[in-house]
Amino acid sequence: MPVKPKPVPVATAWTMPFWEGTRNGKLLYQKCGDCGTNVFIPRIACSRCFSENLEWVESSGRGTVFSFTVVENNAPSAFIADMPFVIAIVKMEEEGVQMLTNIVECDPYEVRCDMPVEVVFEKLSDEFTLPKFRPAASR
Amino acid sequence: MSDLKGKVAIIGIGEVPTGRFPEASAIYHAIESARRAIRDAGINKDNIDYVLPCGAVYSPPFNTELITGRVVEELGLKNVSKNCQVFSGGSTSSCGIDIAASLINSKAASTVLFVHADRLGTGVDLQGGIDLFATAGISHEWEVPFGQHYSSIAALAMTRYMYETGCTDEHLAAVCVSNRKWAELNPHAFFRKPVTIEEILSSKVLSTPLRAKQSNMLFDGGAAFIVTSAERARDITERPVYLLGEGGIVTHFVYSQEPDITRFGWARAAEKAFGEAGLTAADMDIAEIYDSYPIYELIAFEELGFCKRGDGGEMFLRGDTWPGGKIPTTTNGGMLSQGHTGGGGGVAILVETFRQLMGKAGERQVPNARFAVETGTGGTYMDSQVSVFGTEIP
Ligand SMILES: [Zn+2]
């Protein structure tokens with residue numbers, strides 16, 4: 001069976017700065033200039049107060065694994081060749097936001113809940129670079 | 001609070017067996033389910049004045065036919081004022097009954113036919129089904145590019161839930177065993193052979209810790225029901241099933257943005273539904289819980305108030321939820337055993353709720369069942385919907 005190409009993010013006008021950020025090795029989120037809420041995923045307006053006064057801020061890139069799974073079988077076609085691979089929800093503790101990602105650069109079976117991780121960037125296409133996470137270097 | 005308590009009643013149900021029927025079309029399942037429901041109600045079909053077909057999102061041409069009146073024409077219904085689709089994925093059951101009830105209570109309708117059918121067992125192959133479900137309802141910007149799909153979604157909830165509560169693989173397998181005990185007694189279920197915890201835990205891992213035999217399968221099938229006012233229902237049938245309470249909370253679209261993937265909105269939804277009914281979990285004779293994966297059945301079961309968080313697994317394991325147990329749960333075998341017939345697959349769970357309360361459940365009839373709670377959850381568990389029904393109005 002031919003390997004299907006990886007799906008690329010279907011982005012919108014107001015999320016493009018995020019993807020421009022990852023291309024340049026930066027993980028960005030939005031901060032509301034009116035109520036101070038940290039907004040992720042990127043929105044047209046603040047999801048708390050509706051303000052459009054959102055500024056882009058760079059994340060620390062540090063988080064913890066909230067939950068994870070190692071995909072061993074029945075993956076979507078484009079990901080069959082990657083099995084086993086880790087899908088995880090990472091919490092960015094400092095920013096108070098969370099995101100779906102893959103945990104990379106480690107044995108998939110070493111991943112644990114609440115494990116500290118740090119962002120790395122993986123180029124998917126000329127336009128899109130995905131933020132992924134690896135176990136954090138001991139601090 | 002919606003003030004629907006005791007205002008409307010279900011008077012008829014219809015269902016076709018769940019399975020693979022390459023010779024049948026989806027419309028066959030819809031029409032046959034609807035005909036059975038009308039006959040079961042014992043009404044003149046021309047009394048139906050409102051049709052709510054459920055969306056069949058994975059069969060687009062059939063879906064268009066449902067939207068554009070095919071059910072009305074095929075059944076030869078002469079007095080239908082509106083034919084309008086209702087769809088919220090796995091919560092279509094709870095949302096559908098709520099909408100039907102609201103239409104009747106506001107006098108926009110007098111007798112509503114609700115019908116769900118789809119053909120996912122023969123309409124799509126396994127990998128095709130995985131690929132469909134790896135995009136439907138999952139964010140194409142924030143999750144699809146990372147390989148997210150429905151097995152991984154269930155697995156993410158399992159991992160965190162097990163980590164926080166100490167729930168074991170055996171506990172989660174026990175949910176499947178419990179549902180199968182009921183399916184053994186259900187002629188409409190696809191999987192009817194007994195299954196053991198060992199068999200479930202030795203089936204292949206899909207996404208850790210989720211195993212193949214803890215996953216629902218896609219099949220063909222359909223289910224329908226008929227709703228009218230409580231007043232009219234009492235003239236038509238000796239055993240109407242009353243809607244007593246409704247509650248729901250919509251929490252998210254992008255799964256990773258849901259702040260609590262081990263609880264969702266169940267407790268708040270249950271508080272509303274039980275509050276409107278004036279009842280509690282302890283009053284329920286049956287729990288009919290949406291179970292695309294065992295983790296969701298377990299979480300909803302606990303959050304509805306049948307036990308403390310983390311204690312549900314033991315109840316499924318020791319048989320409290322089995323036939324003859326103290327709280328019979330998901331008595332048609334659920335999606336895990338009867339099978340998943342598409343976006344509206346949860347309608348089968350709702351129809352089973354009515355069947356039990358009508359006393360028409362045959363071999364698996366729960367004796368003297370008066371009150372039952374039913375749940376639905378759509379998309380990537382984007383909502384928590386709870387409905388309470390009874391054979392009397394408390
Ligand atoms: Zn704001």
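Numbers restart at 1 for each chain; the letters A, B, ... are given by sequence-line order, proteins then strands.
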Salt bridge present between A:D82 and A:K6 (N-O < 4.0 angstrom): yes
Options A:V86, A:D114, A:V90, A:V65, ranked by heavy-atom pairs under 4.5 Å with chain B, top entry: A:D114
Max heavy-atom pair count under 4.5 Å with chain A, selected residue of B:G147, B:A157, B:A134: B:G147
Contact class of B:I130 relative to chain A, heavy atoms under 4.5 angstrom: side chain
Geometric class of the B:F306/B:F301 ring pair [parallel <30°, tilted 30-60°, perpendicular >60°]: parallel
Pair B:D131 + A:K4: basic N to acidic O under 4.0 Å: yes
Chain B contact via A:F66 - side chain, backbone, both or neither, heavy atoms under 4.5 Å: both
Any residue meeting ring pair (Phe, Tyr, Trp, His ring centres under 6.0 Å) with B:F133, in chain and number order, not counting sequence neighbours: B:Y58, B:Y150
Proximal component of A:A78, with respect to chain B [non-hydrogen, under 4.5 Å]: neither
Toward chain B, the part of A:V71 with a non-hydrogen atom under 4.5 Å: both
Toward chain B, the part of A:F18 with a non-hydrogen atom under 4.5 Å: side chain
Pairs of heavy atoms under 4.5 Å with chain B: top-ranked of A:M99, A:M83, A:K91: A:M99
A:R62 bridged to A:E93 by N-O distance under 4.0 Å: no
N-O pairing of B:R309 and B:E164 below 4.0 Å: yes
Salt bridge present between B:K308 and B:E302 (N-O < 4.0 angstrom): no
Choice from B:V144, B:T135, B:T262, B:L132 maximising heavy atom contacts with chain A below 4.5 Å: B:V144
